[in-house]
Every structure is written in structure tokens, then in C-alpha cells.
Amino acid sequence: MMRDKTESEPAIAVRDESVSEASERLEHRLIGPVVFWLAIATAIVHLYFNTVSTLSELWSSALHFGLFGLICTLTTPMFKVRSTGGQRIVLGVDVMLGFTALACAFYLIFFEDELYQRGFNFDTSDWIVSIVSVVLVLELARRTVGWFIPVLCVVALTYVAWWGQFVDGIFNFPGLSWETVLYRSYIGGQGMLGSIARISWTYVFMFILFGAFLVKSGAGDFIIELARCAAGRFVGGPGFVAVFASGLMGSVSGSSVANTVSTGVITIPLMRKAGFPARFAAGVEAAASTGGQLMPPVMGAGAFIMASYTQVSYLTIIGVATLPALLYFISVAMFVRIEAKRSHAVKLDDEAAPSLKQVLKGGWHFLLPLVVLVAALVYGYTPTYAAGIAILSVVVASWLSKNPMGFRDILDALAMGTRNITTTAILLITVGLIVMVVSTTGIGNTFSLMITDWAGGSLLITILLVALASLILGMGLPVTAAYIVLATLSAPAIYNLIAQSQLVELMVNGNLPEQAKAIFMLAAPDKLSLLNGPMDAATAQQMLSLVPDTFSSQLLEQALSPASLSMLLVAAHMVIFWLSQDSNVTPPVCLTAFAAAAIAGTPQMRTGFTAWKLAKGLYIVPLLFAYSPLITGDFTEMIRVFCFALFGIYAIIAGLEGYLEHKLNLVVRALMFPLGALMLWPHGQILVDGAGLIIFLAVLVWSSRCGKRQNGDHADSKSGVSSVA
């Protein structure tokens, strides 16, 4: 039976380490109702922004900052105090700061024309409002995500206005006046209220609100019951349930920690009951929940930010992200399968559990909003408008169930969605300051050139450097912020190297377009004849090195189509986005693994290392983005890469675990690594891939037979012991 739809709300609402403090405020007899109705009003205002509003983006961003600033100050105290008097003082200060944020927003709205007339020449009120706004958003970020982002913002802003002029070398910056810095930070709509804030109040808000409506309607329970029916009765089924449920839940929640808590309270005890080790059960839930941020349509806000950065449609982004996300979840399921065989996990025959037919009969209507969302996107509606239609469809679809959403349920969903996005909204507004600094100083291009120089032009080494940087940034930044920072700094470098590899392939095959050859005529006229036929890769690389940097972008534009270049840029961003997820499961800071460990009662760090092992797809799949047509190819190429990668990853996992259907000896185990690499390597020879697949399938069949023989002997020995007894 499905649980009552209100049971899962507290778990879904869990989103960060500040929840405990926020919960205390929400239970306050006065603050709780105020926040509830303020959250509803905020949701309605944002629905207006995204549907029928004609307000400017700057005004909408300003109100977004003011409203969420007020909600944040009311729900998250400046600091914790134990005495009643101290709590009242802190509450009074927080209320004052919240209304100050709202006042700063209205100042920008009411005095916009005067601000533009004055330009960079501030009067006293401009100074006060700009400074207060920047300081206030840094304080809100400190409350919600810790000290790292505020400190990083202070370092970045002072670099532009002060100490950048004292830095030698390529990072020297002559500096701007504080008036200019503050104008760009708040008033000019380039920093706090720039493109990142617009993504927050449009795409992110609408889709998180959509997820809140789904959860409130009971879809969360339906997802878990559906997963239990679809996979729960197999050997190791509870592990598959964790993977399946986390993928479905993550597709709409967009939060790894919320995903872990909401599904883990059910799946982790089920896995332990089936015979899985507790630490492995927690690691599976953490790894699978991390994948929730890779699964369309929400992707933890990454899909929207990626669409904004690359200028590629949101529908295209989620389209190319689907196969890689499936590849990741299946890779986690492979670990589950192997551990189920090794641990002799049993089937859980829950006679009280409903059948798949019963679950679908009672909850098929929960799938209608997803169908409506996809149909609206395909039809051509904007993502925000499609999300608005999908939200309405959730309410309508709930009327087909035994528990239709009433007026109170709609209000609860509006409030829940607003509260769930508060931390993300503050985070994205604050990160806008860093993006402003990077774009103002040009440090992004400088950093990209530096990475390319360190890597010696090697795409693989560049990806390894970005992976290391993402891990370091992930210790202090949430994954969304880490992706934004890394994408701003390193996406150009990865994009150029991927594009150059495509260019080399054209030159090797002798397929370079004539208009591209004209660039070489200017750069290396004596070697132009080499372009008339195929050549080896070394010669192609040597010829590319002769093209000046000023002509490299023109060469790419002449050699590759605009559509190809756009998808190569998406591939570069997807590499960074996937790598930025590793902080969820990589010690020493892995909040998702820590949340799963708390449920399983296992050591946090050891659980983190287990989750890190199970999430190996986070490191393998990005290599496919860079070196194969998994994203950039046509549908046939994408499916071919997907299928061979599936078995290639399975072979590597078997080598890591030393187990398939039974324990592998050292020779076969060692064979698994080159066999997996053979199927993953982008050599383009389908016969070679096919040979590798045949060998692996032969090993899999042999292992299965050995496993059955071993289980038969084990059963016979138990039978013999029983008869003797």
C-alpha cells in the first residue's frame, strides 16, 4: 500500500546542513505561519514572472533576491543561541535584514531611471544600497552554504578593485573603481542580478516547484512502489530499487541529499534485510542519488545553466543527457548485481506488497504530468511555460486518484517548492558575483590558456586537471556552484581541444573542407599540398600548430558546421558538469554519502569511499563525451557507443570487484581491464568492438555456469548435512 502523501514531505524538504536551524524557526508559532504565507506569495509572484509578466528581467531578478532574502533570514538564523532572550534578539536582527533585502530590491525598481542617468557617478544612497546588497547576499550565502563562497566572492571583488594591479604576469589586472565594481555587482544587472539569477527565477524555480507538486500529489510514494514492484523481486532487488527509485526521484527533485534521504529511509533497510552489507547499501543509495542530478529533466539546475551558457536549446540538452544518465545508473546496478551474487543476497517475497499491475492501476495518472511536460517542450513552448502547464496538469491528474489535491494541498505544494529552492536561489544569486568578475577581467580565457599550457595540449590531461579542480572546489562549493565556476574558467579549453581533435580527424581522413584549407594557405602555404589527401595524426597536429591563435577560431568555423560546434560545446560543458558531481561521493566532503551513512548507521568516511567506488561512472562517462560521439553523433552512433560502453564498463567493474557471476581468478580478472578499455576506446572499428563484446559475453556465460555449479554444490552440501542431522 502507498503511504499517505504527506508522510514523505519532511524528507523531501531536506536539502542542506542548515535544515535543523530552519526547522526550529518553522515550528515557531508566529514565524512558521508567516513563512508559510510568504512562501506561497513568493511562488505566485514567480509564476506570474514566468507566464504573463511583462516586467523587465532586472526587476524580476531584484524581486527574486528581495523575496528569497526575506525568506532566508526568517528561516535560517544568523547564529544559534540557547537563551530565549538571545533568540529574540537574533530574530529581530534577522527580520530587519530580511526587510532590508526587500528594500534594496524596491530601490532598484523605483529609482532605475535615475540610476542610469547618474551612471557610475554614485550619490550617497547608491553607495549605501549597493554595499548593503552585496554584504547582505554574502551573509545569506554564509548561512545557507558556509563560508567558502562568501570568502571567494570577497577575494574576487577585491581583485578587480584593488589587489589585481599588484599581481605579476598573466593575472595582472589594472583595476576598476569601487563605483564601477558595485555598479556591475548590483545595479547594472551583471552580477547578483545577471544571467545566473535569471536562470534561478525562471528554469530552476519552475522545475523545483513542479517537483514539489509531484511529491505533494503522492508521486514520490508511487515512484518507490513502482521501483519495488519492477525490481524488488529479483535477486538483489532492493539494490535495484534504490537505483531505479533514485533515478526517477532525482529526475524531478534535482537534489542529491534530498534524494538520498527520501528514498534511502526505505531502500537502505530493504537492502540490509536482503543480505547486503550495511556500508554497501548506504554507498549504493549515495551513488544512485548522486545520479539524480544527471537525470533529465531537472539535472540539479545544470540543464538550465548549460542551455544558457551554450545557447543550445534546453530540449536538446536533456535529449543528449538521457543516454549518459542511463549509462551511469546501469553502472551502479552492475555493482549491485555483483555484490548480490557475492553476498548471496536473497529475494524479498513481500506478500503484502501490491503487484505491478495494481501499482500502475492506482498511480498511472502520476505519469501524465511528465508526458504533458515533454509534449509541451516538443511542441515548442519555452521550458518555463511548459513547466507551468505541467504544474497545472499535476493538479488535474491528482483528481483521478483516491486522494485528489485540494486547495490546502495546492498551498502546501507552493510553500514547499519555495522553501526547497531557497538555498539554491541564494547560492545562484551569490555566484553571479564570481561570474561577473570572471567576465569583467577576462580571467576565464587566461585560466583556460593556462590549463592548456599545463596539459601540453593533451585533452586527457586537461580533463584530469579539471577533475582535480572540481574535487577541490567541491570541498567548499555545492555542485551547482562548482559547475558554474569550472565552466566559466575551463570550458573554453576543453571545447577547443575537443574541436581540434575533430579537426585532426578530418585532416587524417582527407576530408577538410576547401574553405578551411584557405586558412592554411595563409599560415603554411608550403604545406598546402598535404591537405589534398589523407595524412597521419602527427602530421595533422604539426600543421595545426602552424596556425596562429588568432586564426584558430576561424579555422574551426570553416571546417565544422555551426551545429557541430554547438554540440562540441555541449560536450565540453557536460564533461565539467559530470565531474563537478564527484564531491557528493568523494571524501573528505561527501554530503550525500554522509546522509546515507546516517540512515545505515555506518562510519561516514568508509561509507564515502564505498560510494566513491560505486560512482565510477562519473569518471568514465565524461571521457566518452570528449572522445566519442555519445553526445555529438547522430542517433545510430550514440546508440552504438552506448551499447558497447555498457559492456565495457561492466568488464571494468568485474575487474575491480574480481567477480561476475562467481569469483574470477587473477588471469581472467586482469583480462577484464583491457577488454573493457577495448570496448570503450574510440577507435571507430565496430569489428574490434564486436570482438571484445564476444569475448566478454563468453566470459560472462562461463562465469554464470561456474556460479550455478558452485551454488548447486553448496545446496547439495547443505542437503547432506541436513540428512545426516
Side-chain angles (χ1 to χ4, degrees), residues 55-70 72-73 78 93-143 149-167 171-198 200-201 425-444 488:
L55 294 177
S56 69
E57 291 184 356
L58 182 62
W59 287 20
S60 299
S61 296
L63 287 173
H64 180 67
F65 161 63
L67 289 170
F68 277 102
L70 179 57
C72 183
T73 56
M78 180 181 293
V93 173
D94 286 340
V95 170
M96 181 187 68
L97 291 177
F99 280 103
T100 300
L102 203 57
C104 290
F106 281 113
Y107 178 85
L108 189 60
I109 293 172
F110 291 139
F111 296 98
E112 183 182 15
D113 292 338
E114 290 84 348
L115 290 169
Y116 289 152
Q117 290 174 4
R118 290 194 292 269
F120 295 141
N121 299 316
F122 276 16
D123 64 10
T124 303
S125 61
D126 297 337
W127 279 103
I128 293 173
V129 172
S130 299
I131 293 174
V132 168
S133 299
V134 173
V135 172
L136 190 54
V137 79
L138 295 181
E139 162 60 15
L140 296 177
R142 181 198 65 80
R143 298 184 187 198
I149 287 183
V151 171
L152 186 61
C153 288
V154 170
V155 171
L157 293 174
T158 53
Y159 168 77
V160 177
W162 172 46
W163 60 270
Q165 58 188 313
F166 303 113
V167 178
F171 289 109
N172 177 267
F173 185 72
L176 300 174
S177 67
W178 274 111
E179 281 180 305
T180 303
V181 173
L182 290 172
Y183 182 88
R184 296 189 177 188
S185 296
Y186 185 67
I187 296 175
Q190 298 169 318
M192 292 168 50
L193 309 181
S195 60
I196 305 301
R198 183 179 62 81
S200 179
W201 62 260
I426 296 300
L427 169 65
L428 293 178
I429 292 170
T430 311
V431 169
L433 293 172
I434 301 174
V435 174
M436 182 274 295
V437 169
V438 171
S439 62
T440 298
T441 60
I443 199 171
T488 306

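The shown structure was predicted, so the numbers you read here are calculated from the model rather than taken from an experiment.
To the nearest 0.5 Å, atom CD1 of residue Ile149 and atom CD1 of residue Ile426 are 11.0 Å apart. Once rounded to the nearest 0.5 Å, the distance linking CG of Leu138 with CD1 of Ile429 reads 12.0 Å. Asn172 contributes atom CG, which lies 8.5 Å from atom CD of Gln165 (distance to the nearest 0.5 angstrom). Atom CD of Gln190 is separated from atom CD1 of Ile196 by 13.0 Å, given to the nearest 0.5 angstrom. Atom OG1 of Thr488 and atom CD1 of Ile434 lie 9.0 Å apart (nearest 0.5 Å). With rounding to the nearest 0.5 angstrom, the CG atom of Leu193 is 8.0 Å from the OG atom of Ser133.
Taking the side chain as every heavy atom from C-beta outward, Val137 and Leu433 approach each other to under 4.5 Å. Inter-residue side-chain proximity for Leu157 and Met436 is flagged as met; some heavy-atom pair is nearer than 4.5 Å. Residues Leu182 and Ile187 fail the side-chain proximity criterion, which asks for heavy atoms closer than 4.5 Å. Using a 4.5 Å cut-off on side-chain heavy atoms (C-beta onward), Arg198 and Trp201 make contact. Looking only at side-chain heavy atoms (C-beta outward), Thr180 and Thr440 stay at 4.5 Å or farther from each other.
Thr158 is linked by a side chain to side chain donor-acceptor pair (under 3.5 Å) to Trp163, counting only residues two or more places apart in sequence or in another chain. In this structure, Ser130 has no side chain to side chain donor-acceptor pair (under 3.5 Å) partners at least two apart in sequence or on a different chain. Looking at residues two or more places apart in sequence or on another chain, you find no side-chain contact (heavy atoms from CB on, under 4.5 Å) involving Ser195. Tyr159 is linked by a side chain to side chain donor-acceptor pair (under 3.5 Å) to nothing, counting only residues two or more places apart in sequence or in another chain.
Smallest separation of non-hydrogen atoms from Ala141 and Thr430: CB-OG1, 3.6 Å. Contact between Val134 and Ser185 at its shortest, heavy atoms only, is CG2-CB, 4.0 Å.
Here salt bridge (Lys or Arg N to Asp or Glu O under 4.0 Å) pairs that include residues 128-141, with residues two or more places apart or in two chains, are Glu139-Arg142, Glu139-Arg143.
Classified by interplanar angle (parallel below 30°, tilted 30° to 60°, perpendicular above 60°), the ring pair Phe122/Tyr183 is tilted.
Crowding of Trp162 atom CH2: a count of heavy atoms from other residues, nucleotides or ligands under 6.0 Å not exceeding 12. Atom CZ of Phe171 sits in a crowded spot, with more than 12 heavy atoms from other residues, nucleotides or ligands closer than 6.0 Å. Dense packing is recorded around CH2 of Trp178, with more than 12 heavy atoms of other residues, nucleotides or ligands lying under 6.0 Å away.
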Extract all donor-acceptor atom pairs below 3.5 Å that involve side chains of residues 102-111 and protein atoms in other chains or at least two apart in sequence.
| from | atom 1 | to | atom 2 | distance (Å) |
| --- | --- | --- | --- | --- |
| Tyr107 | OH | Ser125 | OG | 2.8 |
| Tyr107 | OH | Asp126 | OD1 | 2.6 |

Derivation and outcome, side chain to side chain contact (heavy atoms under 4.5 Å, CB included), residues Leu97 and Met78
CA-CA 10 Å; Leu97 291 177; Met78 180 181 293; 3.5 Å; yes
